[in-house]
Amino acid sequence: NAGVTQTPKFQVLKTGQSMTLQCAQDMNHNSMYWYRQDPGMGLRLIYYSASEGTTDKGEVPNGYNVSRLNKREFSLRLESAAPSQTSVYFCASSVLPQTQYFGPGTRLLVL
Amino acid sequence: GENVEQHPSTLSVQEGDSAVIKCTYSDSASNYFPWYKQELGKGPQLIIDIRSNVGEKKDQRIAVTLNKTAKHFSLHITETQPEDSAVYFCAASMDSSYKLIFGSGTRLLVRP
């Protein structure tokens with residue numbers, strides 16, 4: 001039982017490039033989330049998916065898109081990366097809305 | 001919307017001493033308050049949580065207290081050990097909400 005897994009672990013992009021961050025969970029959770037973590041700012045919700053087939057915006061959705069591929073997988077896409085998107089990205093999942101379990105993170109550097 | 005403030009930003013204690021981290025929230029409708037521990041290079045790990053119908057919850061050396069009137073909650077770690085060194089985050093949420101609002105984190109250092 002791996003919990004929440006994320007790929008890649010680390011990525012360097014040039015401004016304007018695109019990429020997709022992958023997340024999968026094997027806990028049969030209904031809900032999945034994407035957060036970004038910046039120094040001194042805690043974690044901020046980008047998008048979430050309450051259940052398979054639904055997605056909603058969080059606090060900081062601009063510049064991102066998401067896809068809930070199936071119950072297990074939830075991807076985050078940066079269409080045209082900007083230096084302001086340099087951050088650590090965490091995926092999380094939950095059975096009920098509130099009790100969330102996090103993955104190990106993806107460290108993204110945009111030059 | 002909800003806002004969560006967390007203090008202190010850094011905390012250094014001697015091994016064996018107690019550590020207390022405090023958070024305040026702004027929305028009286030919030031009723032779920034989890035605490036996460038994040039070790040270097042890892043994702044946040046849920047260590048304890050409390051709901052608004054409970055004033056205190058304990059799990060071994062960790063306890064959380066909630067004061068709904070004052071809208072603040074605290075994490076208490078007793079008999080601290082070096083492996084308690086990490087960044088701790090508080091968060092707040094409302095019933096049926098999928099949005100956890102996090103505090104800015106406290107870096108705890110336990111000196112051997």
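Lettering of chains follows the sequences in order, A, B, ..., and the numbering in each one begins at 1. No hydrogens, no waters, no symmetry mates; every other heavy atom, side chains included, goes into these values.
Only the side chain of B/L46 comes within less than 4.5 Å of a heavy atom in chain A; its backbone stays farther off. Only the side chain of A/L45 has a heavy atom closer than 4.5 Å to any heavy atom of chain B. Of the atoms belonging to A/Q100, heavy atoms from both backbone and side chain fall under 4.5 Å from chain B. Contacts of B/P34 with chain A are absent, with no heavy-atom separation under 4.5 Å from either backbone or side chain. Interface remark: B/Q45 contributes no atoms to any contact with chain A (heavy atom separation under 4.5 Å). If you measure heavy-atom distances from B/F89 to chain A, the contacts under 4.5 Å come from the side chain alone. In this structure, chain B has no heavy atom under 4.5 Å from any part of A/S94. Contact annotation for B/K42: only backbone heavy atoms (N, CA, C, O) come within less than 4.5 Å of a heavy atom of chain A.
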- Checking side chain to side chain donor-acceptor pair (under 3.5 Å) for the pair B/Q14/B/D17: CA distance, chi angles, key distance, verdict? CA-CA 6 Å; B/Q14 196 70 38; B/D17 288 349; over 6 Å; no

- Message: Applying salt bridge (charged side-chain N to carboxylate O under 4.0 Å, His left out) to B/K71 and B/D27, what does each step give before you reach the verdict?
- Response: CA-CA 8 Å; B/K71 291 190 284 188; B/D27 194 331; over 6 Å; no

- Item | Pair B/L75-B/I47, side-chain contact (heavy atoms from CB on, under 4.5 Å): steps then yes or no | CA-CA 10 Å; B/L75 178 70; B/I47 56 172; 4.2 Å; yes

- Stepwise ring-ring contact (aromatic ring centres under 6.0 Å, His included) check, A/Y33 with A/F102: CA-CA 9 Å; A/Y33 312 79; A/F102 285 79; 8.1 Å; no

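Counting heavy-atom pairs closer than 4.5 Å to chain A, the top-ranked of the candidates B/G41, B/S9, B/G103, B/G1 is B/G41. Counting heavy-atom pairs under 4.5 Å between each of A/G105, A/G58, A/G103, A/A50 and chain B puts A/A50 at the top. Per-residue heavy-atom pair counts under 4.5 Å with chain B were compared for A/R44, A/R107, A/K9, and the maximum is reached by A/R107.
The aromatic rings of B/Y98 and A/Y48 lie parallel to each other, with less than 30° between the two planes, well short of the 60° mark.
Tested against B/R61 for a side chain to side chain donor-acceptor pair (under 3.5 Å), the candidates B/T78, B/T80, B/D84 yield a single pass: B/D84.
Remark: the A/Q22 side chain and the A/S75 side chain contain no N/O donor-acceptor pair separated by less than 3.5 Å.
For the pair B/D49 and B/R51, the salt-bridge criterion is not met [side-chain N within less than 4.0 Å of a carboxylate O].
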